[in-house]
K.L.:
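Sharing a structure with you now.
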Amino acid sequence: MRGLDAPDLLELHARGRGLPPARRALLLLEAAVPEAPADRLADLPVGRRDERILELRARTLGPAIQSETRCPRCDERLELDLDSQEFQAAAPDDPALAPPPPVTLSFSTDEGDWELVVRLPSGRDVAELAERGGTATELLERCVVDARSDGEAVASAGIPAEARQAVEEAIVAADPLADLQLALTCPECGHSWSSPFDPPAFFWGEIEERVPRILQEVHLLASSYGWSEDDILGLDAWRRGQYLQFLGA
Ligand SMILES: [Zn+2]
């Protein structure tokens, strides 16, 4: 996998600008694994999707992730220094793009002995559900391949609430990057909380910050040297930086 250069970032930004977040995530995944068919990538579980997006981000911007948040209790500003390699290390070793097999869960409730077969939610599931305004419960129901209570088949909408919790836990255990939570402690007041981290949304935010800077560089170099946009984007970042320095930019 190679990182994205300035022309790649501009093209990706142009294609993703008008899309909902879950579609953008699939676009980032396609940029990460350009050799794979888009249909197959859409079937990858969400955590596997995000693992590859984190790798693309690391190759484009480096492994260090800088972010900031505020303490929900005292509003102190916290700077977060994260390492994308730590997240990636939590992902199962899965070089193949084949979706992993469904997870089987057995447990008992007041309503009987249950056996559920659940597949891991994919990027496609999340994108299609978001477009319909679907809920997290619908996402779980969509991923239940087979549900049995005391051996009798049950429609996925009929599984009890306590079973849903077990399903969610099994999904996160099988696909840990699907639900990345940062454990945070405020240095000011000592409050501890966990905050979700969404790799595709974070990387997209960085791309949105970077694109106007690239365009600004093109503008400065084009207006000073008369070069075309293609010429300027054909220079690597170091050479663009050198010419900008000559211009005192
Ligand atoms: Zn605080």
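Start at 1 and go down the list; that is how both ligands and their atoms are numbered. Below, each value reflects all heavy atoms present in this structure, side chains not excepted, and no hydrogens, waters or symmetry copies.
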K.L.:
Taking atom CZ as the centre, does R239 end up with more than 12 heavy-atom neighbours from other residues, nucleotides or ligands that are less than 6.0 angstrom away?
P.N.:
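Counting other residues, nucleotides and ligands, CZ of R239 stays at 12 neighbours or fewer.
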K.L.:
Closer than 4.0 angstrom, basic N to acidic O: yes or no for E131 and R23?
P.N.:
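Between R23 and E131 there is a salt bridge, with a charged N closer than 4.0 Å to a carboxylate O.
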K.L.:
Verify the distance test for H191 against the Zn ion (ligand 1): any N/O/S atom under 2.8 Å, yes or no.
P.N.:
no
K.L.:
To the nearest 10°, how many degrees is the angle C71 SG to the Zn ion (ligand 1) to C74 SG?
P.N.:
110°
K.L.:
Walk me through whether E115 and L105 qualify under side chain to side chain contact (heavy atoms under 4.5 Å, CB included).
P.N.:
CA-CA 6 Å; E115 186 155 292; L105 292 111; over 6 Å; no
K.L.:
Nearest 10°: the angle subtended at the Zn ion (ligand 1) by C189 SG and C186 SG?
P.N.:
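Reported to 10°, the angle equals 110°.
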K.L.:
I'd like to know if E55 and R59 make a salt bridge, using a cut-off of under 4.0 Å between side-chain N and carboxylate O.
P.N.:
yes
